[in-house]
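Below is one structure; the comments refer to it alone.
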Amino acid sequence: MPRARTSEAKGVTIALVIFVLLSVLFGVMAYFGYAEQADLLARVTKVETDNKTMTTDRDRQRFLLAFYKLLAGHGEIDKDNILNDDSKIVSTRKTQFKKELDTEIDKVKQKLKDMAWNDAEDRPMLTHLDRIAKLEADVVRLKKSLEDAEKRARESDAARQAAEKKALDDKVDFEKKVDEKTEELKKVLAERSKAFEKAVADAKAAEERLEALTREFEEFKAKAAKEREQLVKEKKDLEAKAQKLEANIGKIDLLDYDQPKGKILSVDRDGTMAYIDLGSADNVKPKLTFSIFGSAPGKPGSVRKGALEVVQVLGQHLSLARITDNYNLDLGSLRAAMELLKKHGGVDPKAADRVIENLENVQVNQRRTPIISGDLLYNAAWSPTLREHVAIAGLIDLTGDGLDNSDVLKRDLEAQGIIVDAYLDPRDGTVHGPGISRQTNYLILGETIHPSRMKELVDQATELGVTQVTARRFLALIGYRLPRRGSLPGGVTVAAPQPAATGGGAPAKPPAAKPPAEGGAAPNNKEMMPNEAPKPPAMEK
C-alpha cells in the first residue's frame with residue numbers, strides 16, 4: 001500500500017510540473033504574440049501616417065504646380081477631369097493651402113511688382129504670357145521709335161549740312177561787308193577828327209559862356225529867395241483867410257442835390273402796379289425801391305405820393321414795379337375798427353366820429369394827387385452808373401417792435417448794389433468793413449448805441465465831409481417801407497397794416513418826405529398817413 005501511494009504522488013507531481021511548464025510556455029507564447037501584434041499596429045499606423053503625409057505633399061505640389069502654370073499662362077482647363085484643370089485645383093485647394101498660396105504670392109511680388117491675384121477667379125491678373133506679349137509690343141514700339149529717331153537724325157544731318165553751307169556763304173558775304181564798312185569807318189574817323197577839333201573849340205567857348213551864366217544864376221537865386229519869403233508870407237495870410245471862410249461856409253448835404261433817377265411810364269387801373277423807364281441797361285434789379293414825387297413843368301412836384309419796388313426787369317429801359325405805398329386809406333376797414341373801439345374799446349363816440357371825418361378829408365386831399373405816369377422816382381443811395389457808398393451806425397427798428405434790424409438794412413442795401421463801407425455791430429460795438437472814406441456818400445444814423453464808437457464814426461464823417469442823415473429820412477428817400485405805429489387824426493393811435501412779404505426783407509411802411517426843392521433837390525422827411533398795402537394785380541397789357 002505505501003508503494004502505491006508513492007507512485008500516485010509522483011504522478012501528481014509530474015502532472016503539476018507539466019502544467020506549470022505548459023502555463024509558462026503558453027504565457028511566453030502569448031507575450032510574444034501580443035508584442036508582435038502591437039508592433040504590427042504601430043507599423044500600420046506609421047504607414048497610414050506616411051501615406052497621408054505623402055498624399056498631402058502630392059496635393060501641395062500639384063497645387064503649387066497649378067499655381068505656377070496659371071501664373072505662367074499655361075494653365076490647363078479640363079471640366080471633365082479636375083486633376084487636369086489647374087484653375088479648379090487652385091480653387092478647391094486654396095483653403096487647405098492658403099498659407100502656402102500667400103507665401104508663393106509674396107515671393108512672386110518681390111520679383112514682379114505688378115503681381116496681383118484675382119481671388120474671385122482664382123487666377124493671376126497678369127500672367128507671364130501677358131507680360132511677354134506686352135514686352136514684345138514694347139519692343140515693336142521701341143523699334144518703331146528707333147526707326148523714327150534715325151529718320152529724324154538723317155533729316156537733321158541733312159539740315160545741319162545745309163545750314164553749315166549757308167553759314168559759310170554768309171561768312172563770306174559778312175567778311176566782304178566788313179571790309180566795305182572798314183573803309184567807310186576810316187572815312188568817318190577822319191571826318192570825326194575834324195569835328196572833334198571843332199567841338200573842343202566850341203566847348204571852350206561854351207565854358208566861358210557857362211561861367212557867365214553861373215554868375216547870372218547866383219544873382220537870380222538871391223532875388224528868388226527874397227521873392228519866396230514874400231510868397232510864403234502871402235500864403236500864410238491866404239490860409240488864414242481861407243480858414244475863416246470855411247468856418248462861415250455851411251456843410252454841403254448831398255441829399256439837397258439829389259436828382260430824379262427815372263419816371264413812371266404808366267399805372268394800372270388799381271393803382272398797385274406801374275411801369276418805369278429804368279431797366280437792365282440801367283443796372284436795375286428786382287427789390288430796388290424808389291420814392292415817388294409828382295412832377296411839374298421845370299421842377300419836381302411838392303408832394304411825396306408814395307413808394308414802389310421793382311419786381312421784374314422787362315427790358316433795357318423798362319421794368320414792372322409794385323406800388324408799396326400810395327397813402328390811400330381804407331375808410332371802410334377804419335370805420336369798422338372805430339365802431340369796435342366805440343363799443344368795446346372805451347373810445348368816446350364823438351372822438352371816433354371826428355377821426356372818421358378827418359380821415360375822409362385826408363383821403364380827399366390825397367386823391368387830388370394820385371400816382372400817374374410822368375411822376376418822378378428818387379433814391380438818394382442808388383445810381384445807374386456808379387455804386388454808392390454808405391455807412392450805418394446806431395439801432396435801426398424796421399419792424400416797429402423796438403428791436404434792432406440794422407443788419408437787415410445792411411443786407412437789403414447790399415442787395416440793391418449799395419456798398420456798405422462801415423457797419424457798427426450793435427452786439428459788441430465793433431465796426432465791420434473798410435471804414436468811412438472820401439468815397440462814402442452817406443452816414444446813416446439810428447438811435448444811439450455804443451456812444452463812443454458812434455462818435456468816432458460821426459467825427460470821421462465830419463472830417464471827410466460825408467453827409468449825415470437819420471435812418472428814417474434816408475429810408476423815406478430811397479422808397480423803403482418802414483412799419484411803425486402812428487397817430488390817426490383825432491388823437492387815436494393805431495398800428496400800420498403790414499403788406500405781403502416782398503421777398504427782400506423790406507419793411508412795410510417808409511416815412512414820408514418833404515417835397516423836393518427847386519432844381520430837383522432831394523425831398524426831406526415828413527410824416528404822412530399810410531394805407532393798407534395793395535395786392536399786386538396782373539400786369540397791364
Side-chain angles (χ1 to χ4, degrees), residues 1-140:
M1 287 299 290
R3 188 178 213 29
R5 292 179 177 176
T6 303
S7 299
E8 185 178 348
K10 287 181 180 180
V12 171
T13 302
I14 292 170
L16 181 62
V17 170
I18 293 171
F19 175 76
V20 170
L21 291 175
L22 289 174
S23 297
V24 170
L25 179 62
F26 283 126
V28 171
M29 291 177 64
Y31 171 77
F32 282 108
Y34 281 119
E36 185 177 357
Q37 184 177 5
D39 183 56
L40 181 62
L41 289 175
R43 282 186 292 173
V44 170
T45 301
K46 183 175 182 302
V47 170
E48 290 177 349
T49 302
D50 293 343
N51 183 45
K52 184 177 181 180
T53 301
M54 287 187 293
T55 301
T56 302
D57 289 340
R58 180 201 64 192
D59 293 340
R60 181 185 294 105
Q61 296 302 324
R62 183 177 295 169
F63 173 80
L64 294 177
L65 176 61
F67 166 77
Y68 277 103
K69 287 174 70 178
L70 290 174
L71 182 64
H74 293 287
E76 298 180 7
I77 298 176
D78 188 349
K79 296 182 179 179
D80 297 329
N81 186 358
I82 188 175
L83 297 177
N84 295 330
D85 193 327
D86 296 313
S87 178
K88 286 187 177 180
I89 291 174
V90 172
S91 176
T92 54
R93 299 290 184 179
K94 68 178 181 180
T95 303
Q96 180 182 2
F97 301 112
K98 185 177 186 306
K99 183 177 179 181
E100 288 83 349
L101 177 64
D102 293 341
T103 301
E104 297 303 321
I105 290 176
D106 291 339
K107 289 181 180 179
V108 176
K109 282 185 176 180
Q110 292 177 0
K111 297 180 181 180
L112 301 175
K113 301 300 181 182
D114 60 344
M115 165 61 182
W117 185 261
N118 188 339
D119 292 328
E121 299 181 3
D122 295 318
R123 61 186 303 105
M125 295 288 190
L126 189 67
T127 66
H128 291 336
L129 289 180
D130 295 334
R131 293 186 179 88
I132 292 172
K134 182 179 178 182
L135 291 174
E136 290 176 349
D138 291 341
V139 169
V140 173

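Side chains included, hydrogens not; waters and symmetry mates left out as well; all remaining heavy atoms used. On a predicted model such as this, the values are computed, not experimentally measured, just so you know.
The environment of M54 atom CE is dense: over 12 non-hydrogen atoms of other residues, nucleotides or ligands sit within 6.0 angstrom.
Evaluated for a side-chain contact (heavy atoms from CB on, under 4.5 Å) with E136, the options D138, V140, I132 yield exactly one hit, I132.
Within the 4.5 Å cutoff, side-chain heavy atoms of F97 are placed close to those of T56. Under the 4.5 Å side-chain criterion, counting only non-hydrogen atoms from C-beta, R58 is in contact with T55.
Residues satisfying the side-chain contact (heavy atoms from CB on, under 4.5 Å) criterion with Y31, sequence neighbours excluded, are absent altogether. Partners of V24 under the side-chain contact (heavy atoms from CB on, under 4.5 Å) rule, at least two apart in sequence or in another chain, are V20, V28. Residues passing the side-chain contact (heavy atoms from CB on, under 4.5 Å) test with V17 are T13, L21, sequence neighbours excluded.
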